[in-house]
Amino acid sequence: MIALPVSSPRNRIVFALAFELFFTVLLCFAQIAPVAAAPGASFMPAIVDYLSDWFPRVSRIQREQPHWITPIITVTPRLEEEFRYDQLWQGNPHGSATDNFGGGKGLELIPAENIEMILGVPAWIAHNGHVPQAAKKEQPASDGWADETLLIKYRLISANEENGNYIVTAFMGFSAPTGDDGNSNHHAIFTPTIAAGKGFGDFDVQTTAGISLPNGGLQRLGMPLAWNTTFQYRLLRYLWPEFETNYTWWPNGQREGQSQLFLTAGLVIGRIPLHERVGLTLGFGYQVAVTEHPAYHHAAIVTGRVPF
């Protein structure tokens, strides 16, 4: 089991964020080292060249892929560079409600060819209404931080609108048990995922399929398989109405044999240019469960992104 060498939730979050930053710097160093190791080369100019070429490199990488918008729920197979904040209001069983501040989103960077890193900021979870008693051996629901998350994308193949309009990307997600009691999974979870998308003129389909692999607590957490698909259409340059299906099935664990399906209708507006590379993207969606025993019944979702 992965154990963090700190005790309080705040210290665990700081440790996880520091680890993400260290991992990002390490990945950047891996791009610089071959240049600096060349005969007659020195390390400092290689760093300067790498950083000065950051945005031109990102532009070159993004020109090689479709220019769709990131959906509200489904993680796009495209590589993005932006800061993102989501807000969710969930209606739960038994008259309770959950407010999710942040949605675990955060800073998205493209540090190297075909690679994106999403450095998540832990969400703050607020529980409202009638909160039911927790089962034995489980912490009662209380307001606090959720777990820290990290996602790495590797783009396998892609073509922009002029050359085929498709993309296939592999993900590896990771969550560290940094959250407060009642809002944490209490175990690290690895989530390998395959994502793909295909465009047809102004219409596109983006889909992901992945499995969550906890390093403990299997009888409680299980290994759920998630399949998300988004159908989008572009209108008037900046309007992207969409419809999503968000499906999860538990082959084992506490919810063994159960599945849930959410239908999500939404609208994303963007990318609105603000200044040079900086833009603004806003979106709203409403999600409804259409199967029995879902994790929650419905949710309203607002998303804001600042691409750069």
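In what follows, residues are counted from 1 in the order of the sequence shown. Note that the structure is a prediction, hence the values are computed from the model and not measured.
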Checking side chain to side chain donor-acceptor pair (under 3.5 Å) for the pair Ser59/Arg57: CA distance, chi angles, key distance, verdict? CA-CA 5 Å; Ser59 295; Arg57 182 175 59 249; over 6 Å; no

Side-chain donor/acceptor of Thr291 to backbone N/O of Leu261, under 3.5 Å: yes

Can you find a pair of side-chain heavy atoms, one from Ile110 and one from Ile115, that are under 4.5 Å apart? no

Tell me whether Leu79 shares a hydrophobic cluster with Tyr50, the cluster being built from Ile, Leu, Val, Met, Phe, Trp, Tyr side chains joined at under 4.5 Å. yes

Counting N and O atoms only, with roles assigned by atom type, does the side chain of Thr169 sit under 3.5 Å from a partner on the main chain of Pro77, one being a donor and the other an acceptor? yes

Any side-chain heavy-atom pair of Val205 and Thr229 under 4.5 Å: yes

Verdict with supporting geometry, His127 and Asn183, side chain to side chain donor-acceptor pair (under 3.5 Å): CA-CA 10 Å; His127 301 272; Asn183 299 303; 2.9 Å; yes

Closest heavy-atom pair, Gln258 versus Trp249, reported as atoms and distance to 0.1 Å, is O-CD1, 3.3 Å

Counting only N and O atoms by type, is there a donor-acceptor contact under 3.5 Å from the side chain of Asn252 to the main-chain atoms of Gly222? no

Of all the heavy-atom pairs spanning Asp204 and Gln206, show the shortest one and how long it is. OD1-NE2, 3.1 Å

Pair Phe231, Glu242 - check side-chain contact (heavy atoms from CB on, under 4.5 Å), show working. CA-CA 6 Å; Phe231 306 90; Glu242 67 163 52; over 6 Å; no

Does a side chain donor of either Gln254 or Gln219 reach within less than 3.5 Å of an acceptor in the other side chain? no

Rounded at 0.5 Å granularity, tell me how far CD1 in Ile157 sits from OH in Tyr166. 5.5 Å

Same cluster or not: are Tyr247 and Leu225 linked, directly or through other Ile, Leu, Val, Met, Phe, Trp or Tyr residues, by side-chain heavy atoms under 4.5 angstrom apart? yes

side-chain contact (heavy atoms from CB on, under 4.5 Å) between Leu119 and Met117: does it pass, once the steps are laid out? CA-CA 6 Å; Leu119 311 177; Met117 295 185 63; 3.9 Å; yes

Could you measure the distance from the CZ atom of Phe284 to the CD1 atom of Ile72? Nearest 0.5 Å is fine. 8.0 Å

For the CD atom of Glu81 and the CZ atom of Arg277, what is their distance to the nearest 0.5 Å? 6.5 Å

Would you say the side chain of Tyr233 lies within less than 4.5 Å of the side chain of Trp240, judging by non-hydrogen atoms? no

Please name the pair of heavy atoms, one in Ala97 and one in Asn92, separated by the smallest distance, quoted to 0.1 Å. C-ND2, 3.5 Å

Nearest 0.5 angstrom please: Ile47 CD1 to Ser52 OG, how far? 11.5 Å

State whether a side-chain donor-acceptor pair under 3.5 Å links Glu161 with His67. yes

For Thr230 and Thr74, does a side-chain donor sit closer than 3.5 Å to a side-chain acceptor? yes

Return the minimal non-hydrogen interatomic distance between His186 and Asp181, and the atom names on each side. CE1-OD1, 3.4 Å

For the atom pair CZ (Phe174) and CG (Leu151), what is the distance rounded to the nearest 0.5 Å? 12.5 Å

Nearest non-hydrogen partners of Leu282 and Gly304, listed with the distance: CD2-CA, 4.1 Å

With a 4.0 Å cut-off on N to O distance, would you call Arg60 and Asp53 a salt bridge? yes

State whether the number of non-hydrogen atoms from other residues, nucleotides or ligands found under 6.0 Å of Glu162 atom CD is greater than 12. yes

Less than 4.5 Å apart, any side-chain heavy atom of Arg255 and any of Gln260? yes

NE2 on His298 to OG1 on Thr264, rounded to 0.5 Å: 13.0 Å

Do Val268 and Val278 share a hydrophobic cluster, counting only Ile, Leu, Val, Met, Phe, Trp and Tyr and linking them when any side-chain heavy atoms are less than 4.5 Å apart? no

Answer with yes or no whether the side chains of Asp147 and Ser184 bring together a donor and an acceptor at under 3.5 Å. yes

Main-chain N/O of Met172 paired to Lys153 side chain as donor or acceptor, under 3.5 Å: no

Does Arg155 pair with Glu116 as a salt bridge, N-O distance under 4.0 Å? no

Ignoring hydrogens and geometry, is there a side-chain-to-backbone donor-acceptor pair from Thr178 to Glu148 under 3.5 Å? yes

Is there a donor-acceptor pair under 3.5 Å between the side chain of Glu64 and the backbone N or O of Ser158? no

Quick check: is Phe171 connected to Ile73 through a chain of hydrophobic side chains (ILVMFWY, heavy atoms under 4.5 Å apart)? no

When you compare the side chain of Trp89 with that of Val302, does any pair of heavy atoms fall below 4.5 Å? yes

Can you find a pair of side-chain heavy atoms, one from Trp68 and one from Asn165, that are under 4.5 Å apart? yes

Residue pair Arg234, Leu239: steps toward the side-chain contact (heavy atoms from CB on, under 4.5 Å) verdict: CA-CA 6 Å; Arg234 187 177 188 178; Leu239 301 181; over 6 Å; no

Are Thr281 and Arg84 linked by a side-chain donor-acceptor pair shorter than 3.5 Å? no

So which heavy atom on Tyr296 is nearest to which on Ala299, and how close? CE1-CB, 3.8 Å

Verify, without hydrogens or angle tests, whether Gln232 (side chain) and Ile69 (backbone) share a donor-acceptor contact under 3.5 angstrom. yes

Go through it in stages, so that I can follow the logic: the residues are Thr70 and Thr76, the test is side chain to side chain donor-acceptor pair (under 3.5 Å), and I'd like the CA-CA distance, side-chain angles, deciding distance and then a yes or no. CA-CA 5 Å; Thr70 299; Thr76 181; 4.7 Å; no

Side-chain donor-acceptor contact under 3.5 Å, Gln287 with Asn246: yes

Taking the side chain as everything from C-beta on, heavy atoms only, tell me whether Asn185 gets closer than 4.5 Å to Pro177. no

Under 6.0 Å from the CH2 atom of Trp227, do we count more than 12 heavy atoms belonging to anything else shown? no

Examine Leu235 and Ile272 and state if one hydrophobic cluster contains both, with Ile, Leu, Val, Met, Phe, Trp and Tyr joined whenever side-chain heavy atoms are less than 4.5 Å apart. yes

Ring centroids only, cut at 6.0 angstrom: are Phe83 and Phe308 within range, meaning strictly under it? no

Any donor-acceptor N/O pair, Ser175 side chain to Ala188 backbone, under 3.5 Å: no

Between Asp99 and Asn128, is any side-chain donor less than 3.5 angstrom from a side-chain acceptor? yes

Walk me through whether Met223 and Leu218 qualify under side-chain contact (heavy atoms from CB on, under 4.5 Å). CA-CA 7 Å; Met223 296 188 298; Leu218 185 62; 3.5 Å; yes

